[in-house]
Enquirer: 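Have a look at this one before I ask anything.
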There are 2 protein chains.
Amino acid sequence: MNTNHLCLGILSLGDASGYEIKKAFEETFSHFQATSFGSIYPALAKLTEQGLVSFHEETQEKRPTKKVFTITQEGQAHFYQTLLKAEPTEQYRSDFLFLMMFAHLMPREHIEALLNKQTDHLKMELGILERIITECQTLTPGMRFTLEYGIIGNRALLELMQQRSMPLIEEIDAARSPQAL
Amino acid sequence: MNTNHLCLGILSLGDASGYEIKKAFEETFSHFQATSFGSIYPALAKLTEQGLVSFHEETQEKRPTKKVFTITQEGQAHFYQTLLKAEPTEQYRSDFLFLMMFAHLMPREHIEALLNKQTDHLKMELGILERIITECQTLTPGMRFTLEYGIIGNRALLELMQQRSMPLIEEIDAARSPQAL
DNA sequence: ACATACATGTAAATAGTTACATGATTTC
DNA sequence: GAAATCATGTAACTATTTACATGTATGT
């Protein structure tokens with residue numbers, strides 16, 4: 001799954017400009033996919049070249065002209081094949097967890113700061129997901145599922161952070177103190 | 001955080017060869033970090049060049065000779081600075097969730113297959129994490145925390161998969177059937 | 001005056017994976 | 001006889017991010 005596939009997918013849900021596709025990834029899909037302008041614009045150019053999408057320019061008042069992309073029938077058929085053939089991969093990369101492995105080497109204040117930052121991060125993401133699932137009316141069943149998936153995961157992790165942060169800090173401090181005595 | 005940092009971190013826990021570092025990422029840390037030989041060997045060469053690690057060759061019987069790397073004092077100091085300065089980033093990329101957004105376009109059997117595959121994936125990872133946390137005796141408090149983090153997250157998601165998979169399929173089928181009648 | 005939102009696009013830099021090359025030993 | 005494990009390393013390829021370039025309008 002690369003940016004080409006992601007763009008085709010978003011366009012299968014409705015017309016959009018490159019800028020709007022980026023916004024969708026920043027908002028609705030940010031918890032499980034991300035991409036940048038530097039990937040999106042070349043992707044849309046390539047999809048147009050391949051005849052999988054087409055576009056028309058829309059001149060706006062007090063806004064720059066935008067290119068609105070539409071998925072073609074070939075694009076729809078191509079995306080359908082992608083859906084059936086894709087080998088879904090999962091990847092989670094966390095610097096936070098890697099750093100926590102070495103918490104015993106850090107000053108107490110720094111461990112606290114890292115734990116607080118991660119807690120805030122989880123809270124923020126949870127807030128976004130809950131807002132979308134309650135406010136947005138036009139979700140497909142699958143989208144509602146992806147939002148629930150994110151909410152359930154983040155809630156469980158937040159609970160863990162709230163229960164285990166202090167005990168972890170105390171445990172590391174306890175292991176340190178013998179040298180101080 | 002790049003492969004250089006990851007290697008330094010692993011070596012701060014004890015001496016290891018490139019091959020052993022790769023194994024560590026396949027086993028113990030696979031739920032939140034990954035890397036490949038093509039990244040590890042150049043990283044170790046660069047760290048050696050910078051004087052952050054040193055190595056000695058160990059000839060083995062019935063096994064190829066291996067280079068065992070040791071973190072130097074400079075390496076330890078450098079890693080400590082990394083721990084304090086690092087801006088921890090989180091990234092989760094899931095093709096599974098992206099595909100689920102378009103479940104309404106797929107045949108029922110395909111949705112089922114995707115959900116089953118994801119469930120199996122979560123079960124397998126959960127099994128690995130639970131085995132490590134019970135069997136491994138030499139874990140730092142931080143490592144135990146990272147394992148718990150993975151376990152709690154996966155358990156919550158598995159429960160969701162078990163509760164929501166069938167309802168999701170039924171809901172999508174129900175939305176489809178009016179056309180069939 | 002400065003930052004942000006809107007809007008498109010390119011190019012360089014970064015980083016990583018995959019495949020290849022080599023070779024012994026063990027297991028199925 | 002084939003595949004897996006142990007062991008190191010390089011090179012090509014792939015993909016993505018970051019920074020740059022350009023310009024209007026709005027908000028602080």
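Chain letters run A, B, ... following the sequence lines, proteins first, then strands; residues in each count from 1.
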Enquirer: Can a salt bridge be assigned to the pair B:E112 and B:R108 using a cut-off of 4.0 Å between side-chain N and carboxylate O?
Expert: yes

Enquirer: Fit a plane to each ring of A:F102 and A:F98, take the angle between them on a 0 to 90° scale, and name the class: parallel (under 30°), tilted (30 to 60°) or perpendicular (over 60°).
Expert: perpendicular

Enquirer: Check this one for me: any side-chain N or O of A:Q60 less than 4.0 Å away from OP1 or OP2 of C:dA7?
Expert: yes

Enquirer: Is the phosphate of C:dG16, meaning OP1 or OP2, less than 4.0 Å from a side-chain N or O of B:T35?
Expert: no

Enquirer: Return no unless some side-chain N or O of B:S36 is found under 4.0 Å from OP1 or OP2 of C:dG16.
Expert: no

Enquirer: Would you indicate which nucleotide in C:dG16, D:dT10, C:dT10 comes nearest to any side-chain atom of A:Y41?
Expert: C:dT10

Enquirer: Using a cut-off of strictly less than 4.0 Å, decide whether B:S39 has a side-chain nitrogen or oxygen near OP1 or OP2 of C:dT17.
Expert: yes

Enquirer: Show the nearest heavy-atom pair for residues B:L44 and B:C7, with the distance to one decimal.
Expert: CD2-CB, 4.2 Å

Enquirer: Classify the nucleic acid contact of B:G38 as base, sugar-phosphate or nothing, counting any heavy atom under 4.0 Å across all strands shown.
Expert: base

Enquirer: Would you please confirm or rule out a distance under 4.0 Å between OP1 or OP2 of D:dT8 and any side-chain N or O of B:K66?
Expert: no

Enquirer: Parallel, tilted or perpendicular: which describes the rings of B:Y92 and A:Y92, with under 30° parallel and over 60° perpendicular?
Expert: perpendicular

Enquirer: Whole Å only: how far is the CD1 atom of B:I21 from the P atom of D:dC6?
Expert: 15 Å

Enquirer: Kindly say if B:K67 contacts the phosphate of D:dG9, meaning a side-chain N or O under 4.0 Å from OP1 or OP2.
Expert: yes

